[in-house]
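Report on the structure given below.
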Number of protein chains: 2
Amino acid sequence: MKSNQKQTRIDGIDKKILRYLMEDARTPILEIARNIGISGAAIHQRLRKLEKSGLLSGSKFILNPKVLGYTTTAYIGIFLDKAMSNPYAVQQLKKIPEVLECHYTTGNWSILIKVLCRDNEHLMQLLNKKIQQIEGVSRTETFISLDQSINRQIQI
Amino acid sequence: MKSNQKQTRIDGIDKKILRYLMEDARTPILEIARNIGISGAAIHQRLRKLEKSGLLSGSKFILNPKVLGYTTTAYIGIFLDKAMSNPYAVQQLKKIPEVLECHYTTGNWSILIKVLCRDNEHLMQLLNKKIQQIEGVSRTETFISLDQSINRQIQI
DNA sequence: ACTGAAATTTGGGATGC
DNA sequence: GCATCCCAAATTTCAGT
């Protein structure tokens, strides 16, 4: 899990390989090999190097939550009573499956979380019955995502 | 790209398969087959069904931006002059590679974006030279993520 | 660092229960 | 909906340049 080497250098071939795999993690290595004109073994070597550098941190299947009936994404800014409450609050938030992200942030709030709910009713229940009940949570501000128009990774 | 079937039902075996692939999209299907005790062909059938339902929306390699020297993640709430400016603003934001997400939101702001920068200096330049320059952008509020303690997908 | 080839494993279809 | 069988294709290693 090291990540502070001097800063990995990647060349144009690495970029091409990564672009294929960032698009579809199951693209066959031999298919990439044919497309960019080097051998499968060479790509293999490069991928092992990239993995060792820590740049490749894995691959994931992406699910579309809408198909399971989860249609409401929201960001919630949370004010905590005192800094001391932070680790406890995060620990409690981890137990709530609807919470997908949690950031300590500068600015108004102590933390900013992203949640995924079935609908607005579910979101309201989540706020009242779970988030607001956490000890140390004093106030929240909710921003429902009506539409996500950009969703991508770092561009290489 | 259909996603509004009646609402896909998935059973325990589907969940096991998905959990393996959400963790590592390149897990061999035959390995999953051995672990959960059914044949590779059966998993194949189920994956085709899940893909057809729209629940599986693809797979991605995940890069660790820190290794490339990108260490500052921030959320920026943007106030736009009038609703009319929205599509234009989003179009301009798409052209900025540092912008990874863009949400139309309820609440204070018109839109909320997530950006990835090398450092605070880079973030400041991005705000002053690019975001604030977009026509229609009247004011912004920035929240730097000091630490992301939760990062996951919908739990199945 | 890349190639080419060998050994092994996997993918994905056909067929039958 | 699942298992077995089967072959084409992909993965992965390794000696050679």
Side-chain angles (χ1 to χ4, degrees), chain A residues 1-64 67-69 153-154 156, chain B residues 1-64 67-69 153-154 156:
Chain A
M1 290 300 154
K2 288 290 295 303
S3 69
N4 275 0
Q5 354 267 134
K6 351 187 195 313
Q7 202 185 106
T8 311
R9 285 224 153 275
I10 58 175
D11 66 11
I13 297 179
D14 289 328
K15 286 185 187 176
K16 283 187 185 174
I17 297 169
L18 289 174
R19 278 197 269 258
Y20 278 103
L21 291 170
M22 287 169 74
E23 182 74 24
D24 178 359
R26 290 188 80 97
T27 312
I29 288 171
L30 288 178
E31 187 181 315
I32 301 173
R34 283 188 293 270
N35 282 327
I36 69 181
I38 60 174
S39 72
I43 295 192
H44 216 255
Q45 277 186 325
R46 283 168 176 271
L47 283 175
R48 295 211 313 143
K49 182 193 68 185
L50 290 168
E51 193 160 11
K52 195 156 63 68
S53 80
L55 176 57
L56 252 72
S57 63
S59 64
K60 300 203 182 313
F61 255 61
I62 309 298
L63 302 194
N64 177 1
V67 177
L68 293 176
Q153 280 197 75
I154 186 173
I156 57 165
Chain B
M1 291 296 153
K2 289 288 299 298
S3 69
N4 273 0
Q5 352 268 134
K6 350 184 195 312
Q7 203 185 105
T8 311
R9 287 224 153 274
I10 58 175
D11 65 11
I13 296 179
D14 289 328
K15 287 186 187 178
K16 282 187 185 176
I17 296 169
L18 290 174
R19 278 197 270 258
Y20 278 102
L21 291 170
M22 288 169 73
E23 182 75 23
D24 177 359
R26 288 187 81 96
T27 312
I29 287 169
L30 289 177
E31 187 181 317
I32 301 172
R34 284 189 294 271
N35 281 328
I36 69 180
I38 61 174
S39 74
I43 294 192
H44 235 260
Q45 279 186 325
R46 283 168 177 270
L47 282 175
R48 294 210 312 140
K49 181 194 66 187
L50 290 169
E51 192 159 13
K52 195 158 60 74
S53 79
L55 176 56
L56 254 70
S57 63
S59 63
K60 298 202 183 316
F61 255 60
I62 308 298
L63 302 194
N64 177 2
V67 177
L68 293 176
Q153 280 197 74
I154 187 174
I156 56 164

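Straight-line distance from the CG atom of B/Leu47 to the P atom of D/dC2: 12 Å, rounded to whole Å. Rounded to whole angstrom, the span from the CG atom of A/Asp24 across to the C1' atom of D/dA10 amounts to 15 Å. The CD1-P distance, from A/Ile43 to D/dT11, rounds to 10 Å in whole Å. Whole-Å rounding puts the B/Ile13 CD1 to D/dG1 P distance at 10 Å. Between B/Ile38 atom CD1 and D/dT4 atom P there is a gap of 12 Å when expressed in whole angstrom units. When rounded to the nearest whole Å, the span between NZ of B/Lys49 and C1' of D/dC2 equals 12 Å.
Closest approach of B/Ser57 and A/Asn64 over heavy atoms only: OG-N, 4.0 Å. Contact record, A/Ser53 with A/Thr8: CB-OG1, 3.4 Å, taken as the closest heavy-atom pair.
You'll find that the side chain of A/Arg34 is closest to D/dA10, out of D/dA10, D/dA3, D/dG1.
Around CD of B/Gln153, the count of heavy atoms belonging to other residues, nucleotides or ligands within 6.0 Å exceeds 12.
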Quiz item: How does each nucleotide of nucleotides 12-17 of chain D score, in 5' to 3' order, for protein heavy atoms under 4.0 Å: base (B), sugar-phosphate only (S), or none (-)?
Solution: SB----

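First and last contacting nucleotides of DNA chain C toward chain B (any atom under 4.0 angstrom from a heavy atom, 5' to 3' order): C/dT10 to C/dG13.
The line from CZ of B/Phe61 to CG of A/Leu50 is 9.5 Å long, rounded to the nearest 0.5 Å. We find the OG-CD1 distance between A/Ser39 and A/Ile29 to be 11.0 Å, quoted to the nearest 0.5 Å. Once rounded to the nearest 0.5 Å, the distance linking CD1 of A/Ile43 with CG of A/Leu30 reads 8.0 Å.
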Per-pair distances, 0.1 Å, donor-acceptor, side chain in residues 13-26 of chain A, under 3.5 Å, sequence neighbours excluded:
unit_1  : atom_1 : unit_2   : atom_2 : d
A/Asp14 : OD1    : A/Arg46  : NH1    : 2.9
A/Asp14 : OD2    : A/Asp11  : N      : 3.3
A/Asp14 : OD2    : A/Lys49  : NZ     : 3.3
A/Arg19 : NH1    : A/Ile156 : O      : 2.3
A/Asp24 : OD1    : A/Arg26  : N      : 2.9
A/Asp24 : OD1    : B/Ser59  : OG     : 3.0
A/Arg26 : NH1    : B/Ala25  : O      : 2.5
A/Arg26 : NH1    : B/Thr27  : O      : 3.3

Self-check item: CA sep, side-chain torsions, deciding dist, call: A/Asn35, A/Glu31, side chain to side chain contact (heavy atoms under 4.5 Å, CB included)
Solution: CA-CA 6 Å; A/Asn35 282 327; A/Glu31 187 181 315; 4.1 Å; yes

